[in-house]
A.B. asks: 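If you scroll down you'll find the structure; I have some questions about it.
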Amino acid sequence: MEPSGPEASSQSQRKEESAPKGQGEGGSKLKKAHLKNASTKKKKPKKATVSRSARVNYTVHQGEDMLLVISNASSQYDDSAWAPKRKGSKKRKLVRENTKAIRTKTNRTVHVKGKVETKTAVEEEEPSMFAFPQGTNDQRWGQNLPEEVLVNIFQMVVSQDNAVPFLCRVGRVCRLWNAAASSPILWRRVTLGHCWIPPGKSQLPKTEKKIKDTVTWLAQNRFSQLRDFALCHWTKNVDFTLQAVSQFCPHLASIKLSYCSGLTAKAFQSLGLHSRALHSINIQYSEFQVEGLLEYLDNHGHQIKEISFTHGLKNDKLLAALNRGCCPDLELLEVNTKLDSKDGELPVCIQALQQACPKLKTFRMLNVRPLHKTMRNGMDSSPGFPCLEELCIATTSYSYMTDKDLLDILFASTKLRVLDLRGCSRITPPGLARLPCPDLQCLFWGQYFNSHVGLPSLKRDFHLVTQLWGQTLQQLDIANQVFTEEDLELAMGYLAAQTKTLCSLNLSGTRITLRAVRYVISRMQALDYLNLSSCRYLPRGLKKIYRGQEEIQQLQEKLKELV
């Protein structure tokens, strides 16, 4: 029977309510198809997460003598505690955290019945050498070492690679390493170079503030026992650094500035107020205010024992101040010049310097051509340099030094040990034989000329030099000296018959003969370095440098075969 009118209307109303909105019979069919497809699909098991070790920033490989060598794989300034933070790092970090949070929210609805533990083939066959067993009592070897042992290890590294930034980086490893790196004995010699920014880049205001704060912190917390301090390639903050170091370092004894600029009188005034133990100043290849240094020497020059500066138009005033006697206890004086400098002539009044600095032990004029001046009062008497132990007048171009000039400098130097006359072509063997230096140990007399200077003239009587100092010489350099073959054979004969201490002999570019070389090698047992390069009178295969007694012994065997 067909339903009546109200019953039919109620049934149709129920069907419309049960069906989704906007769908009729077609909606019910789509729903059935969707359920059918879902039943046919298989659920894929979720892949198990494999734990991976952190990517190390260094490599370990076996070197010589069963030693493990650890080498850093990053560059000099990457991952450095001193390098400024990269721009955009915070934004990238926030984006990564947001994406990670979204992924965790979506994965919460997924339910996995069981976890499948899988390992890669690399992890099964080759376990990582950096994987340590994790336990309750697990401690690394660095935390078990005594602090004294760590200090000794750090001291060996500091002696080779400097205290900064090595100690600043290892101090961030753990508390034990921080305590060892804070030992005052490790901070006695400090050199600050390009530690915060790579070379050639400008300093931003934030970087400059960071540099000042770091220098102040180091001076207050690490430099209590600082003795030797050096700055290299600093064009800013030189005054601030020297003021901070002088204020907090009462034991400061030596200052060295290399290729620095911007040094004013304020820094020298701070050194005079606080650094009472300062006795060495090295300002070579640096720009500074000469008037500030002259004022410092006039007030505190009595405590200065070592001065080194570069020859220049303004810097020559320092030599005039030394001649006036502002540094009576000076023991080392070094004046050099740049290799590309055209003006290398330096007027020097030797007599005034001898009277003003009678305690001078080391006198060096590197690549400088000294011009001797006489005193205005006409005093001929001079005490000389009775304590002088080293005289260096080396140059690569040419020199005006003569036998008389050399004797005027060394007429009272009986304690001379080192004599460097490289480039002095006007000095002769009879002039050297007249020097009152009986115990000379090192004689450097090689001629290293550039292309603008001709070869020196022929010389003779070199046997007078070897006969005088044959028993005391340890190093001898006569490279490119034009002596005759007979003269060299006679000189080497005197030298081999007397010396037992000669360990270095440079005969490069000379007319040494095979007979003289054979006689030298057979008699000189302590010889450790022999330079026979560019010797035209020797056969091929022998003209080279021999380092070590093994190579010299091999040379002796070759000479026996040539007989």
Side-chain angles (χ1 to χ4, degrees), residues 159 162-164 187-194 215 223 226-235 237-246 249 251-272 274-312 314-322 326-327 329-339 341 346 353 357 359-368 389-394 418 420:
S159 62
N162 192 19
V164 178
W187 296 90
R188 292 185 176 181
R189 300 183 63 182
V190 175
T191 300
L192 297 182
H194 299 289
V215 169
F223 291 171
L226 182 65
R227 263 69 169 177
D228 302 331
F229 182 71
L231 286 178
C232 299
H233 299 275
W234 278 50
T235 56
N237 307 318
V238 178
D239 272 0
F240 176 83
T241 304
L242 286 183
Q243 290 178 15
V245 169
S246 61
C249 304
H251 304 286
L252 186 64
S254 173
I255 287 180
K256 180 180 179 181
L257 303 180
S258 180
Y259 296 96
C260 295
S261 60
L263 184 61
T264 63
K266 295 181 179 180
F268 293 110
Q269 292 175 1
S270 179
L271 291 174
H274 304 287
S275 301
R276 299 298 182 181
L278 184 65
H279 67 266
S280 177
I281 298 177
N282 189 341
I283 47 178
Q284 292 179 344
Y285 306 109
S286 297
E287 298 178 2
F288 58 93
Q289 191 174 357
V290 182
E291 290 75 12
L293 181 56
L294 293 177
E295 183 181 357
Y296 173 81
L297 293 179
D298 291 336
N299 298 327
H300 307 280
H302 59 276
Q303 69 184 35
I304 301 299
K305 296 182 179 180
E306 297 180 0
I307 292 181
S308 303
F309 62 94
T310 302
H311 167 60
K314 296 182 179 180
N315 301 349
D316 293 344
K317 297 180 181 179
L318 294 176
L319 193 58
L322 295 177
C326 62
C327 300
D329 296 334
L330 192 66
E331 297 180 358
L332 184 146
L333 176 60
E334 180 175 341
V335 184
N336 67 352
T337 184
K338 298 180 181 179
L339 295 178
S341 179
L346 178 63
L353 191 62
C357 305
K359 299 181 181 180
L360 196 64
K361 295 182 179 180
T362 303
F363 187 22
R364 299 171 184 166
M365 290 183 286
L366 304 177
N367 210 37
V368 176
E389 298 179 0
E390 178 183 349
L391 176 64
C392 177
I393 315 177
V418 180
D420 192 348

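Just so you know, these numbers use all the heavy atoms, side chains as well, and skip hydrogens, waters and symmetry mates. Residues: numbered from 1 along the sequence shown.
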A.B. asks: Is there a side chain to side chain contact (heavy atoms under 4.5 Å, CB included) between Tyr296 and Ile304 once you walk through the steps?
C.D. replies: CA-CA 10 Å; Tyr296 173 81; Ile304 301 299; 3.9 Å; yes

A.B. asks: If I take atom CG from residue Leu322 and atom SG from residue Cys357, how far apart are they, to the nearest 0.5 angstrom?
C.D. replies: 5.5 Å

A.B. asks: So do the side chains of Leu346 and Val335 get within less than 4.5 Å of each other, counting heavy atoms only?
C.D. replies: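 A side-chain contact exists here, since the closest heavy-atom pair is under 4.5 Å.
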
A.B. asks: Identify, with sequence neighbours excluded, every residue that meets ring pair (Phe, Tyr, Trp, His ring centres under 6.0 Å) alongside Phe240.
C.D. replies: none

A.B. asks: Report the distance from atom CG of Asn336 to atom OH of Tyr285, rounding to the nearest 0.5 Å.
C.D. replies: 4.0 Å

A.B. asks: Please lay out, stage by stage, how Cys232 and Leu192 fare under the test side chain to side chain contact (heavy atoms under 4.5 Å, CB included).
C.D. replies: CA-CA 6 Å; Cys232 299; Leu192 297 182; over 6 Å; no

A.B. asks: Parallel under 30°, tilted from 30 to 60°, perpendicular over 60°: which one fits the rings of Phe268 and Phe288?
C.D. replies: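 Judged by the thresholds at 30° and 60°, the geometry between Phe268 and Phe288 is perpendicular.
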
A.B. asks: Would you check if the side chain of Asp329 reaches a backbone N or O of Lys305 as a donor-acceptor pair within less than 3.5 Å?
C.D. replies: no

A.B. asks: Only counting residues at least two apart or in another chain, list the ones meeting salt bridge (charged side-chain N to carboxylate O under 4.0 Å, His left out) with Glu287.
C.D. replies: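 Partners of Glu287 by the salt bridge (charged side-chain N to carboxylate O under 4.0 Å, His left out) criterion come out as none, since no residue qualifies.
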
A.B. asks: Do other residues, nucleotides or ligands put more than 12 heavy atoms under 6.0 Å from the CZ atom of Arg188?
C.D. replies: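 It does: Arg188 CZ has more than 12 such atoms within range.
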
A.B. asks: Under the criterion side-chain hydrogen bond (donor to acceptor under 3.5 Å, both in side chains), I'd like the reasoning laid out for Ser275 against Ser246: C-alpha separation, chi angles, the key distance, then a yes or no.
C.D. replies: CA-CA 6 Å; Ser275 301; Ser246 61; 4.7 Å; no

A.B. asks: Starting at CG of Leu330, measure out to CZ of Phe363 and round the result to the nearest 0.5 Å.
C.D. replies: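 Atom-to-atom, Leu330:CG and Phe363:CZ are 10.0 Å apart.
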
A.B. asks: Looking just at side-chain N and O atoms, do Glu306 and Ser280 make a donor-acceptor pair shorter than 3.5 Å?
C.D. replies: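 Judged by distance alone, the side chains do pair up.
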
A.B. asks: Between Gln284 and Glu334, is any side-chain donor less than 3.5 angstrom from a side-chain acceptor?
C.D. replies: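 Their side chains do contain a donor-acceptor pair, which is all the 3.5 Å distance test asks for.
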
A.B. asks: I'd like to know if the side chain of Trp234 and the backbone of Tyr259 have a donor-acceptor N/O pair within less than 3.5 Å.
C.D. replies: no

A.B. asks: Please step through side chain to side chain contact (heavy atoms under 4.5 Å, CB included) for the pair Thr337 and Leu366, ending with a clear verdict.
C.D. replies: CA-CA 7 Å; Thr337 184; Leu366 304 177; over 6 Å; no

A.B. asks: Restricting to non-hydrogen atoms, name the atom on Gln289 and the atom on Ala265 that form the minimum distance, rounded to 0.1 Å.
C.D. replies: OE1-N, 3.0 Å

A.B. asks: Could you grab the distance from atom CG of Leu318 to atom CD1 of Ile281, nearest 0.5 Å is fine?
C.D. replies: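 Answer for the CG-CD1 pair, Leu318 versus Ile281, is 9.5 Å.
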
A.B. asks: Could you tell me if the side chain of Leu226 sits less than 4.5 Å from the side chain of Val190, heavy atoms only?
C.D. replies: yes

A.B. asks: Taking ring pair (Phe, Tyr, Trp, His ring centres under 6.0 Å) as the test, write out the residues that go with His279, two or more places apart.
C.D. replies: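 Here no residue qualifies.
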
A.B. asks: To the nearest 0.5 Å, tell me how far Ile255 CD1 sits from Arg227 CZ.
C.D. replies: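 Between atom CD1 of Ile255 and atom CZ of Arg227 there are 14.5 Å.
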
A.B. asks: Do Asp239 and Lys266 meet the salt-bridge criterion of a basic N to acidic O distance under 4.0 Å?
C.D. replies: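 Salt bridge: no.
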
A.B. asks: Do Lys361 and Glu390 pass the salt bridge (Lys or Arg N to Asp or Glu O under 4.0 Å) test, and can you show the C-alpha distance, the side-chain angles, and the key distance before you say yes or no?
C.D. replies: CA-CA 6 Å; Lys361 295 182 179 180; Glu390 178 183 349; over 6 Å; no

A.B. asks: Yes or no on side chain to side chain contact (heavy atoms under 4.5 Å, CB included) for Leu333 and Leu360, after CA distance, side-chain angles and deciding distance?
C.D. replies: CA-CA 8 Å; Leu333 176 60; Leu360 196 64; 4.1 Å; yes

A.B. asks: Under 4.5 Å between any side-chain heavy atoms of Ser270 and Leu242, yes or no?
C.D. replies: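 Not in contact.
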
A.B. asks: To the nearest 0.5 Å, what is the distance between CG on Asn282 and OG1 on Thr310?
C.D. replies: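 The distance works out to 8.0 Å.
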
A.B. asks: Is there side-chain contact between Leu297 and Ile307, with heavy atoms separated by less than 4.5 Å?
C.D. replies: yes

A.B. asks: Determine whether the side chains of Ser261 and Thr235 contain a donor N or O and an acceptor N or O closer than 3.5 Å.
C.D. replies: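 Side-chain D/A pair, Ser261 to Thr235: absent.
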
A.B. asks: Indicate yes or no for a side-chain donor-acceptor contact from Thr362 to the backbone of Leu332 under 3.5 Å, with no hydrogens or angles considered.
C.D. replies: no

